[in-house]
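All figures in this text were calculated on a predicted structure; none of them were measured in a lab.
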Amino acid sequence: MNEHEYLNQVKRIISKSEEETNKKALAFNIFHTLHANDKEVMMCRMLYEFLNPKGSHGRGKEFLRWFIENVLAFDDVTNDELDNAKIFREYVIKNTDRRIDLYIDTPYRTIPIEVKIYAKDQGNQCLDYYVYAAKENDKKAVKRKWNLVYLTLYGDMPSVYSTGNDKNCINSIKNISWSEHILNWMQMIKQSQENNINVKEIVAQYIDAIKGIYKSEERIGIQENGGIRTS
């Protein structure tokens, strides 16, 4: 092998090594690294950050507006309401051991959000949240639409065990899903961040983490059903 051939071979090896390194870098996802994508508390923290008008994303009330209007489908939100909105996570209901995953409180409505990935329902969980939210909404000087929001992988209804089979509670529930509503909302946020590389990349990784939940679900379904996934 002459010197020219040797240099070409070295270049090919270096080029291949760089390509493999770049592929690994592109595949890097902090949520996967922390095994966070199937952990409700950690996934909720990200939702909270984007919902919070005071979040570090720097876009104020914009993401909250998109959530209320596009995910919850409320058409009566105002700038005044958003300016005075407060977002809580793991909101404690006084004198109980209940903690609402996410809680939107404005001068005109309160919206509890129960988040599920793999966790099972608790006895009367949604009923307790409904009763509390109904009382809080009755206190509002100006009353607007509100729901008890139940976020699951596929937008399923909570069980009777959670609602107590209470009709008022059941009728108040807005079912939303990670697979459609949250992903669509995140895509809207991502598309709005062309000039903000940091936020755009985090949103892209969060989207990938959400999709990873479904890939895990598919693998589990295949293993448990002898190669056939059932709904």
Quick check: does any side chain N or O of [X] sit under 3.5 Å from a backbone N or O of [Y], one acting as donor and the other as acceptor?
{"X": "Asp121", "Y": "Tyr161", "value": "no"}
{"X": "Tyr206", "Y": "Glu201", "value": "no"}
{"X": "Ser162", "Y": "Cys126", "value": "yes"}
{"X": "Asp208", "Y": "Ala204", "value": "no"}

Report yes if the side chains of [X] and [Y] come closer than 4.5 Å at any heavy-atom pair, otherwise no.
{"X": "Thr106", "Y": "Val77", "value": "no"}
{"X": "Ile113", "Y": "Asp101", "value": "no"}
{"X": "Ile182", "Y": "Leu47", "value": "yes"}

>> With side-chain contact (heavy atoms from CB on, under 4.5 Å) as the criterion, how do Val149 and Val71 come out once you've worked through the C-alpha distance, each side chain's angles and the decisive distance to 0.1 Å?
In response: CA-CA 10 Å; Val149 179; Val71 176; over 6 Å; no
Distance check, rounded to the nearest 0.5 Å: [X] atom [atom1] versus [Y] atom [atom2]?
{"X": "Ile210", "Y": "Ile117", "atom1": "CD1", "atom2": "CD1", "value": "8.5 Å"}
{"X": "Trp146", "Y": "Ser172", "atom1": "CH2", "atom2": "OG", "value": "5.0 Å"}
{"X": "Leu153", "Y": "Tyr118", "atom1": "CG", "atom2": "OH", "value": "6.5 Å"}
{"X": "Ile173", "Y": "Asn168", "atom1": "CD1", "atom2": "CG", "value": "11.0 Å"}
{"X": "Glu114", "Y": "Asp128", "atom1": "CD", "atom2": "CG", "value": "11.0 Å"}
{"X": "Asp156", "Y": "Leu151", "atom1": "CG", "atom2": "CG", "value": "11.0 Å"}

Nearest heavy atoms of [X] and [Y], plus distance in Å:
{"X": "Gly155", "Y": "Asn175", "value": "O-CB, 3.4 Å"}
{"X": "Pro158", "Y": "Thr163", "value": "CG-CG2, 3.6 Å"}
{"X": "Ile111", "Y": "Leu72", "value": "CD1-CD1, 3.9 Å"}
{"X": "Leu51", "Y": "Ile87", "value": "O-CG1, 3.7 Å"}
{"X": "Pro112", "Y": "Asn147", "value": "CD-O, 3.6 Å"}

>> Do Tyr132 and Val92 land in one hydrophobic cluster if side-chain heavy atoms of ILVMFWY residues count as linked below 4.5 Å?
In response: no
>> According to a hydrophobic-cluster definition based on side-chain heavy atoms being under 4.5 Å apart (Ile, Leu, Val, Met, Phe, Trp, Tyr only), do Tyr154 and Ile213 belong together?
In response: yes
[X]: what forms a side chain to side chain contact (heavy atoms under 4.5 Å, CB included) with it, not counting sequence neighbours?
{"X": "Ala119", "result": "Glu40, Lys116"}
{"X": "Asn198", "result": "Asn196"}
{"X": "Val203", "result": "Phe50, Met186, Ile189, Lys190, Val199, Ile207"}
{"X": "Thr110", "result": "Tyr103, Asp105, Ala133, Glu136, Asn137, Lys140"}

With sequence neighbours excluded, tell me which residues meet salt bridge (charged side-chain N to carboxylate O under 4.0 Å, His left out) with [X].
{"X": "Arg144", "result": "Glu81"}
{"X": "Lys200", "result": "Glu194"}
{"X": "Asp76", "result": "Arg109"}
{"X": "Arg89", "result": "none"}

> Taking ILVMFWY side chains as joined if any heavy atoms are under 4.5 angstrom apart, and letting links pass through other members, which residues group with Tyr108?
Replying inline: Val142
>> Going by salt bridge (charged side-chain N to carboxylate O under 4.0 Å, His left out), name the pairs with one or both residues in residues 159-174, residues two or more places apart or in two chains.
In response: none
> For residues 164-196, which residue pairs qualify under ring pair (Phe, Tyr, Trp, His ring centres under 6.0 Å), counting only residues two or more places apart or in two chains?
Replying inline: Phe67-Trp185
>> For Asn184 and Asn70: C-alpha separation, side-chain torsions, deciding distance, then whether side-chain contact (heavy atoms from CB on, under 4.5 Å) applies.
In response: CA-CA 9 Å; Asn184 288 342; Asn70 295 282; over 6 Å; no
> Please, which pairs that meet side-chain hydrogen bond (donor to acceptor under 3.5 Å, both in side chains) have at least one residue in residues 47-65, sequence neighbours excluded?
Replying inline: Tyr48-Asn52, Glu49-Ser56, Arg59-Glu62, Lys61-Asp83, Arg65-Glu69, Arg65-Asn79
